[in-house]
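Computed from a predicted model, the values in this text were never measured in an experiment. In what follows, chains carry the letters A, B, and so on, assigned in the order in which the sequence lines appear, proteins first and then strands, with residues in each chain numbered from 1.
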Amino acid sequence: MPELPEVETTRRGIEPWLVGRRIERLVVREWRLRWRVPRSLPRRVAGAIIRTVGRRAKYLLLATDAGTLIWHLGMSGSLRILDAAAPALVHDHVDLVLDSGRCLRFNDPRRFGSLLYTADDPARHRLLAGLAPEPLSDTFDATALWRRARARRASIKSLLMDSRLVVGVGNIYASEALFRAGIRPGTAAGRVSRARMAALVAAIRAVLEEAITVGGTTLRDYVNPSGMPGYFAQRLFVYERAGKPCRRCGTPIRQYTQGSRSTYWCPRCQR
DNA sequence: ATGGGCACCTGGCTGC
DNA sequence: TGCAGCCAGGTGCCCA
């Protein structure tokens, strides 16, 4: 489910409820997530104060006095702030109970999410160490991406989904950014000119920022920490619009599948 | 090294 | 109404 805008919306939503709070306890009802939740985690973080709520790519980083929680929402995960006494419903796998009487509750039907821990610098964690720069920072640079893409035969769309080259962009925003940049998703990455790569980098930034401002994209089940959907679905140009007229030129939007992933594009606006 | 495909899971929808 | 089949926002890993 969540791509960078949804994770960032979640981060902003939970941050004011967490920073400075003490963790009363961590309740794990289901340990079998993408990776097994470490058995020692409840014991390690109990009593710790939460200092910052950060994000790296699609990972949320809850830094405490006792190490950092690394939380990923997977495809169907969401985090909400609730009264700690609220009864747990199906797929409510984890509660981080705070000294305020609230809790941060993790719900994830498909269990592709994960909750991990590190006592060290999270940037050096094996899942984070090899990630590309943050797309909304100055370190995300078109020239560097163009150089790395030059020798690649894979499609530009699959490159956007490769976290060693670009992070934060998933299946929705890959199609949307390519539409905005006017690039066909099947184009070999190595054949995208430097100028067009610059346009693509700008499009990625723009689409992610725009989505964040409206709380992300809710297609099926994403909700923010208050339980509300995001409104970017109304602004999608191509995603899940196969056969519908392009919002820019009226040509029917096309769709193709690669490895069970759908890609959407406009045959007229994208060359 | 690169590219492509699979696996991990549940639930919702479609069509027979 | 029931059920099989397909699809879904991520991503690490395996294999050619």
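As rounded to whole Å, 9 Å separates atom C1' of C:dT11 from atom CE of A:Met161. Rounded to whole Å, atom P of C:dG9 lies 22 Å from atom CZ of A:Arg235. We find that CG of A:Asp162 is positioned 12 Å from C1' of B:dA1, with the value rounded to whole Å. Whole-Å rounding puts the A:Glu240 CD to C:dA8 C1' distance at 8 Å. The separation between A:Leu73 atom CG and C:dG10 atom P is 11 Å, rounded to whole Å. In this structure, A:Trp31 atom CH2 and B:dC9 atom P are separated by 18 Å, rounded to whole Å. Here B:dC13 presents its C1' atom at 15 Å from CG of A:Leu219, a figure rounded to the nearest Å.
When distances are taken from the side chain of A:Arg111 to each of C:dG9, B:dG11, B:dC9, the shortest belongs to B:dC9. Between B:dG4, B:dG11, C:dA8, one nucleotide has an atom nearer to the side chain of A:Arg110 than all others, and that is C:dA8. Which of C:dG12, B:dT10, C:dG9 sits closest to the side chain of A:Ile172 comes down to C:dG9. Ranking C:dG12, C:dG9, B:dG11 by closeness to the A:Tyr239 side chain, first place goes to C:dG9. Taking the side chain of A:Ala154 as heavy atoms from C-beta on, and the options C:dG9, C:dT11, B:dG3, the nearest nucleotide is B:dG3.
Residue A:Arg261 is in base contact, counting any heavy-atom pair closer than 4.0 Å across all strands shown. Residue contacts for A:Tyr59: at a heavy-atom cut-off of 4.0 Å it reaches the sugar-phosphate backbone alone, with no base atom in range. Counting non-hydrogen atoms under 4.0 angstrom, A:Arg164 reaches nothing in the nucleic acid. Counting non-hydrogen atoms under 4.0 angstrom, A:Ser260 reaches the backbone sugars and phosphates but no base.
Geometric assessment of A:Arg184 against the ring of A:Trp265 yields a negative cation-pi assignment under the 6.0 Å and 45° thresholds.
Between A:Trp71 and A:Phe106, the ring planes are tilted. Angles from 30° to 60° get that label.
With A:Tyr117 contributing its side chain and A:Ile70 its backbone, the two residues share no donor-acceptor pair below 3.5 Å. Checking side-chain atoms of A:Glu6 against main-chain N and O of A:Glu3 turns up a donor-acceptor pair under 3.5 Å.
A:Phe112 qualifies as a stacking partner of the B:dC8 base, centre to centre under 5.5 Å and near-parallel within 30°.
Put simply, A:Arg152 has a side-chain N or O that comes within less than 4.0 Å of OP1 or OP2 on B:dG3.
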